[in-house]
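Naming convention: chains lettered A, B, ... in sequence-line order (proteins, then strands); numbering from 1 in each chain.
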Amino acid sequence: MTTLDQLDRLDQKTFLAHLHPFSQLPEPELERLARALTVGHHHAGEVLLKAGEAPACLYLVIDGAVWEADDPQAVLPRPPDDALDALKRGNPSLVCVIAPYTTGDAFDVQALLEGTSKRNFVVGEPTRCYRLPRDLFLHAVQAHPVLANAYQQKISQRLAALRGPEETEEMAAFAVAKIRDAYIHPPTFVTAATSIHETALAMKANKTNSVLVRCDDEIGIVTATDLREAAIVQRRSVDAPVGTLATYELIAMAPDDFLFNALLRMTRHNINRLVIREGSTIHGILEQIDLLSYLSNHSHLIALQIERAVSKDELKWASRDLVNMVRDLHAQGAKIRHIMQLVSELNKKVLRKLFDLLAPPELRDNSCLLVLGSEGREEQVLKTDQDNALILRDDFSHPDLKRLTEEFTECLLEFGYPRCPGNIMVSNPYWAKSVAAFKDELFEWIVHPTRDSFLQFAIFCDAKAVAGDDNLLRHVKDRMYRLLGDHRAFFSQFAKNTVAFETPLGFFTNFVLEKNRAELDIKKGGIFPIVHGVRSLALEYRLPQTNTVDRITALSQRNLFQPDFGVELIEAFTYLSALRAEAGLEKALQGLPQDNYLNPKALNKLKRELLRDSFKIVNEFKKFITYHFKLGMIS
Amino acid sequence: MRLLPVTLATPLLLLASSAFAQQAAAPAVQKTLNIPAIVMFLTFVAVTLGITYWAAQRTKTAKDFYAAGGSLTGLQNGFAIAGDYMSAASFLGIAGLVYTAGFDGLIYSVGWLVGWPLIMFMIAEQLKNLGKFTFADVVTYRLQRVPMRTLAATGTMVVVILYLIGQMVGAGKLIQTLFGLDYTYAVVIIGALMITYVMFGGMIATSWVQIIKAGLLLGGATLIAILCLWHFGFSPEEMFKQATIVRGSAEAPNLKIMGPGTLVTSPIDAISLGMALMFGTAGLPHILMRFFTVPDAKQARRSVFYATGFIGYFYILTFIIGFSAIVFITKNPDYLDAAGKILNGSNMAAIHTSAFVGGPYMLGFISAVAFATILAVVSGLTLAGASAISHDLYANVFAHGRANEQQEVFVSKMSTIGLGIIAVLLGIAFENQNIAFLVGLTFAVAASTNFPILFMSIFWSKLTTRGAVIGGAIGLITAVVLVVIGPTVWEEILGYPKGSALYPSKYPAIISVTAAFLGIWIFSLLDSSEQAKREHAAYEAQDVRCQTGIGAEGATSH
Amino acid sequence: MVKATRILCACVFFARLTDHKRTCRELAILEQGARTVRFAHGSRQAPANSRYPHSSTTHGKLTMQQDLVHAIKSNPKYHELVSKRSSFGWFMAILMLVIYYGFILIIAYAPSFLAQPVAAGWTMTIGIPIGVGVILAAFALTGIFIHRANTVFDELSNQIKEEVL
């Protein structure tokens with residue numbers, strides 16, 4: 001054995017030792033597997049594994065990129081976000097691309113476990129892979145539960161990719177959702193002696209399709225179908241006891257089990273409902289219809305809960321669910337932009353409902369509740385700080401206003417929306433005042449701008465009406481545009497903050513990290529410049545949109561950018577937002593405080609390159625803003 | 001900004017190494033290389049850039065996302081305005097003029113300063129209320145886009161190029177004096193440096209560059225002036241006395257330098273020069289912007305007040321330095337060439353004086369400050385010029401308003417390079433001209449083209465596009481032609497015999513400004529087109545907006 | 001040789017300028033023509049200057065503008081502001097011009113006045129304090145104007161804005 005070989009071995013072992021879940025293997029097993037690895041060099045276009053073929057080994061990507069696809073011909077060397085976007089937009093030429101495999105990724109575990117591959121694996125760019133022989137891998141999986149467990153999860157996630165593109169997100173969320181996340185009907189009990197007629201009445205009263213039947217020590221289930229069968233098909237008397245109709249071999253599951261297991265169970269037993277029990281307590285019944293509705297649109301359920309809430313407490317529960325939903329959706333790779341919109345939409349519903357619950361009708365008719373800042377732009381992922389305001393009709397006053405607004409803020413706090421550190425909340429009288437007072441404020445902001453007023457003005461620019469009379473906001477905004485006119489000087493001063501922070505890219509497009517920490521600030525470096533620059537342009541062009549992506553789309557039609565630049569800017573913005581959200585959620589899971597820092601070294605190669613490209617676009621955009629607002633000359 | 005140190009270091013090193021190479025190749029021709037001064041110079045240029053970087057960075061690392069907006073106070077912006085205005089011309093040129101002509105140098109100082117209050121009293125409020133940044137944006141408010149932008153851009157470019165020449169000559173001479181480099185090489189290197197600075201430094205906070213530069217310039221000039229006066233026991237009278245003795249003799253002191261007449265010989269010249277200096281300021285493309293640096297109107301006005309103070313103070317300092325130069329340099333063989341003339345021309349009088357009173361370190365320091373000044377002024381000017389080309393000419397005229405703005409960004413970059421090259425070529429051609437005089441010419445052109453149109457468009461409702469275009473063109477062409485057929489270009493640059501100049505005076509403003517106003521007036525009145533009527537009608541809205549800042553966007557925008 | 005280069009430089013410079021101007025002028029005419037044609041054909045393409053397409057028609061915009069202009073012009077404070085500020089501005093400007101041109105005209109027509117010593121036996125001439133005096137006057141006048149503008153005029157114009165907008 002030569003020294004070179006030893007070095008290689010060492011390399012291979014290190015590589016494997018850093019790879020999840022191999023890293024959890026005991027030392028000798030790691031050594032054994034590392035010894036079996038061989039290196040393969042593959043050029044773009046090579047098909048490593050064909051659909052229907054039995055895989056001979058597990059590929060571990062050292063560098064390069066491999067695509068998982070339906071049709072090997074359609075694979076193009078494009079960044080994965082494009083491909084995902086193409087999925088979204090239904091671009092048929094790219095729909096076949098499912099996922100890229102880059103440094104540190106392994107494929108295809110599922111094919112190895114199942115014996116045949118369902119998809120093609122095509123080399124997208126020159127790639128080096130380690131190969132681990134099939135038998136060794138399968139043996140290792142059997143011998144080490146760590147691997148088995150890890151891969152089982154992976155497969156469940158991969159399930160999502162196997163469905164059609166539209167279902168991807170929700171299916172993915174579904175894959176890790178627990179039964180308790182879905183709507184469980186509270187159980188309705190009858191005795192075995194209860195007549196069919198009474199049972200039917202009980203079902204009607206409880207709006208359910210099934211009841212549980214107590215018969216001695218056993219519990220059985222009777223469904224509406226059973227009753228129909230008995231009464232109409234078999235022509236039994238409606239006064240006959242229901243006990244004989246029930247099925248007593250209940251198929252039950254624990255509330256902590258996965259929802260998709262419930263679906264599997266239902267499918268396997270060809271049944272429409274499951275009893276959910278924990279030990280001897282019966283929680284209720286999971287109907288297939290509810291499971292499917294959870295599946296088809298999880299958010300819809302929350303929305304419904306919010307709509308139906310008749311008390312603060314119910315609303316609180318509904319809004320709690322929101323956090324779970326975000327976590328699930330995000331963990332499963334749903335498009336961040338859609339999560340943002342969904343969350344904003346639901347947050348707005350919560351706010352509207354709470355306002356309806358708290359505010360007396362005369363207040364509702366004479367005021368307008370606004371969400372501001374990122375909430376107004378619909379760009380928040382988690383429940384962010386409360387940024388809201390209330391516009392009151394001129395000459396309208398409510399004796400209880402102070403108490404009501406304070407209660408509003410307190411409730412939101414209880415729901416899990418933290419206080420705004422800048423105190424931009426309805427409970428602050430500065431942000432809850434009449435149309436005339438807001439107009440005066442705008443006058444000050446625009447005519448005598450100061451550092452603070454730019455901040456307030458920027459937040460106000462993104463205001464969106466949530467509840468009450470939105471005409472009030474329109475009046476105030478009209479006044480704002482009248483005051484602004486086309487005063488280039490104000491716009492330029494306002495836009496100046498776009499270039500206030502350096503893009504963390506160095507001379508050789510290397511990442512520039514913050515002092516004292518190995519991370520970069522993705523908000524200051526990328527997101528804020530895009531948001532603020534786009535906001536400044538939107539203000540100048542009087543765009544009614546508040547969402548950054550919508551604004552960019554609208555601006556693209558104004559002959560400002562090169563044809564492709566608008567699209568690129570949207571991509572960069574979405575990608576940066578996604579990275580930030582990921583990092584944020586990661587930190588939330590670890591119980592760390594939320595910030596906007598991100599360690600680029602923790603990203604895989606492809607993601608790092610995308611981050612670099614996004615920052616380049618940010619730089620390009622800053623140059624544009626500098627030119628457009630003549631910042632080079634006035635700052 | 002992060003690129004700046006790297007990109008700037010390269011040409012500077014080039015400069016240093018070529019200086020040494022030159023020294024090795026031709027030791028007999030050049031004077032001994034002043035190593036301490038060069039070290040000091042390079043250090044200080046580096047320090048200046050460092051401070052600028054730090055200052056820009058300071059605002060950038062602020063926690064607050066909105067810290068950068070509106071953070072300039074009136075005083076800071078006052079410094080920034082002064083920094084924009086106190087170009088190398090003011091410092092090197094006026095001191096040089098005082099050195100050659102004595103009292104007459106004061107005419108320039110006074111004229112330049114008086115431009116400020118006049119802008120303030122007459123048009124600053126209106127411009128600020130109109131909310132337009134550039135000359136072209138102002139005049140297209142109610143006049144036609146294409147012809148007005150063409151004219152405005154042309155005028156702006158001529159002004160920018162002329163102004164650039166002055167800065168190039170100053171920087172070239174400075175580098176020549178300090179490094180013993182050939183003037184041509186010096187100018188080429190500066191051109192390259194200037195292009196790099198503007199191209200890569202575009203993102204830095206220009207205001208901070210100007211503020212720091214103004215601070216250094218004021219500090220440096222104060223230091224030299226104090227050191228100079230210290231030589232005369234802090235008695236100006238003593239300084240004047242010795243100056244007259246040096247230029248004459250102890251028995252018969254030369255009193256001519258104490259009164260007018262050496263530089264400006266005829267009454268017409270005096271009035272003409274005064275007109276150019278006074279009205280030119282309003283026509284400078286990069287000065288107009290300064291009213292918009294501070295968003296709050298009160299602070300903006302205050303900043304003009306501070307700026308006037310700084311500039312006035314600075315001119316008094318240069319006057320002292322100039323007179324001291326007469327005493328220290330005139331008969332000092334260290335600073336004279338073989339023919340007994342001041343080494344590298346009168347523009348270097350202030351630099352030589354700093355060496356005399358403060359030694360090589362002072363020389364290095366002052367050169368560095370002057371150099372940084374030139375770089376900063378040049379960057380502002382080039383930006384204004386490049387934007388005139390990309391926005392006014394390219395986007396609005398050549399591309400018929402159909403180009404997207406990103407293409408403009410590209411064109412503006414290319415224009416920067418183009419302007420750099422033109423400035424280098426003309427800088428070489430105008431090597432031996434006094435910088436203050438060159439800047440005076442710039443002001444003459446600005447006063448003859450931009451100012452009359454600007455003034456009339458704000459105050460005269462009957463102004464029409466046709467009148468403005470023809471009148472402005474008359475002003476521009478008259479000024480340029482009179483400069484070419486005047487003694488400076490005709491005799492000194494083109495080399496025709498003395499006295500053969502077709503226009504006898506060096507100062508064209510009195511004729512060209514009058515011609516421009518008359519042209520605008522006559523051709524506007526003669527214009528009875530439909531377009532003219534619409535333009536008359538649009539004046540009311542414009543006037544209301546000028547007075548209050550309220551109202552319509554104007555007939556055209558962008 | 002050097003001289004030849006310089007002449008060339010200057011020629012190229014001015015030739016460029018004039019040439020440039022001519023091209024621009026021609027293009028201007030072309031552009032006007034093109035615009036007329038576009039409009040005449042009722043093309044849907046918006047003219048390059050209409051920035052806010054959603055702000056209804058040009059006609060509507062004009063009326064709105066005229067209403068605003070009318071509202072401002074009928075506000076007595078507007079007239080107070082305009083008359084106060086222009087008269088004060090012009091007064092100050094003329095004062096400045098008188099001071100400066102006084103100085104220039106003395107230089108032009110009575111240079112000997114400035115060349116006389118400030119006192120017998122002195123070298124310093126009275127021209128020097130006068131010159132410095134003009135600089136100081138400019139500074140002082142600016143200060144006065146700004147003080148008034150920042151108090152009286154600003155207050156008035158803010159009141160107008162509050163009332164009209």
- Query: Are the side chain of B/Glu431 and the backbone of B/Tyr183 linked by a donor-acceptor contact shorter than 3.5 Å?
  - Reply: no
- Message: To the nearest 0.5 Å, what is the distance between CZ on B/Phe319 and CZ on B/Phe323?
- Response: 4.5 Å
- Would you mind telling me which of C/Pro111, C/Ser86, C/Ala137 has the largest number of heavy-atom pairs within less than 4.5 Å of chain B? C/Pro111
- Interface moiety of B/Met120 toward chain C, non-hydrogen atoms closer than 4.5 Å: both
- Message: I need the residue from B/Lys256, B/Met275, B/Met278 with the largest number of non-hydrogen atom pairs under 4.5 Å to chain C.
- Response: B/Met278
- Query: Who among C/Phe91, C/Trp122, C/Phe103 has the most heavy-atom pairs with chain B under 4.5 Å?
  - Reply: C/Trp122
- Closest non-hydrogen atoms of B/Cys546 and C/Arg85, given as atom of the first, atom of the second and distance, are O-NH2, 4.1 Å
- Using non-hydrogen atoms and a 4.5 Å limit, figure out which bit of B/Met239 sits close to chain C: side chain, backbone, both or neither. neither
- Message: If we define contacts as heavy-atom pairs under 4.5 Å, which of B/Gly259, B/Pro236, B/Pro253, B/Pro267 has the most with chain C?
- Response: B/Pro267
- Quick one: of B/Val110, B/Thr244, B/Asp269, who has the most non-hydrogen atom pairs under 4.5 Å with chain C? B/Val110
- Between B/Arg302, B/Gln547, B/Met122, B/Lys241, which residue shows the highest count of heavy-atom pairs closer than 4.5 Å to chain C? B/Gln547
- Check each atom of C/Leu105 against the heavy atoms of chain B and say whether the ones under 4.5 Å are side chain, backbone, both or neither. side chain
- Portion of B/Phe310 that has a non-hydrogen atom of chain C nearer than 4.5 angstrom: neither
- Please work out whether the ring planes of C/Phe145 and B/Phe121 are parallel, tilted or perpendicular, with thresholds of 30° and 60°. tilted
- Task: Any chance you could measure C/Arg148, atom CZ, to B/Arg301, atom CZ, to the nearest 0.5 Å?
- Result: 12.5 Å
- chain C interface, residue from B/Ala270, B/Ala153, B/Ser109, B/Pro260 that has the most non-hydrogen pairs under 4.5 Å: B/Pro260
- Item | Step-by-step side chain to side chain donor-acceptor pair (under 3.5 Å) determination, B/Arg545 to B/Gln542 | CA-CA 5 Å; B/Arg545 184 167 160 139; B/Gln542 182 198 302; over 6 Å; no
- Task: Could you tell me which of C/Ile128, C/Val132, C/Leu156, C/Leu114 has the largest number of non-hydrogen atom pairs under 4.5 Å with chain B?
- Result: C/Ile128
- Interchain contact, B/Glu125 with chain C, by part (heavy-atom threshold 4.5 Å): side chain
- Can you tell me how far the CZ atom of B/Phe314 sits from the CD1 atom of C/Ile135, to the nearest 0.5 Å? 12.0 Å
- Rounded to the nearest 0.5 Å, what separation is found between the CG atom of B/Leu317 and the CD1 atom of B/Ile320? 6.0 Å
- Go through the steps to decide whether B/Trp116 and B/Phe305 satisfy the test ring-ring contact (aromatic ring centres under 6.0 Å, His included), and finish with yes or no. CA-CA 9 Å; B/Trp116 271 111; B/Phe305 174 62; over 10 Å; no
- Query: Which residue out of C/Val82, C/Ile160, C/Val134 racks up the most heavy-atom pairs below 4.5 Å with chain B?
  - Reply: C/Val82
- Relative to chain C, which segment of B/Ile271 carries a heavy atom at a distance below 4.5 Å: side chain, backbone, both, or neither? both
- Rounded distance (nearest 0.5 Å) linking atom OG1 of B/Thr281 with atom CG of B/Leu118: 8.5 Å
- Task: With a 4.5 angstrom heavy-atom cut-off, could you sort out which part of C/Leu141 is near chain B: side chain, backbone, both or neither?
- Result: both
- Please work out which of the three classes, parallel, tilted or perpendicular, describes the rings of B/Trp112 and B/Tyr108, given edges at 30° and 60°. tilted
- Which of C/Ala115, C/Ser112, C/Ala149 touches chain B most, by non-hydrogen pairs under 4.5 Å: C/Ala149
- Message: Quick check on C/Tyr78 against chain B: is it the side chain, the backbone, both or neither that has a heavy atom closer than 4.5 Å?
- Response: side chain
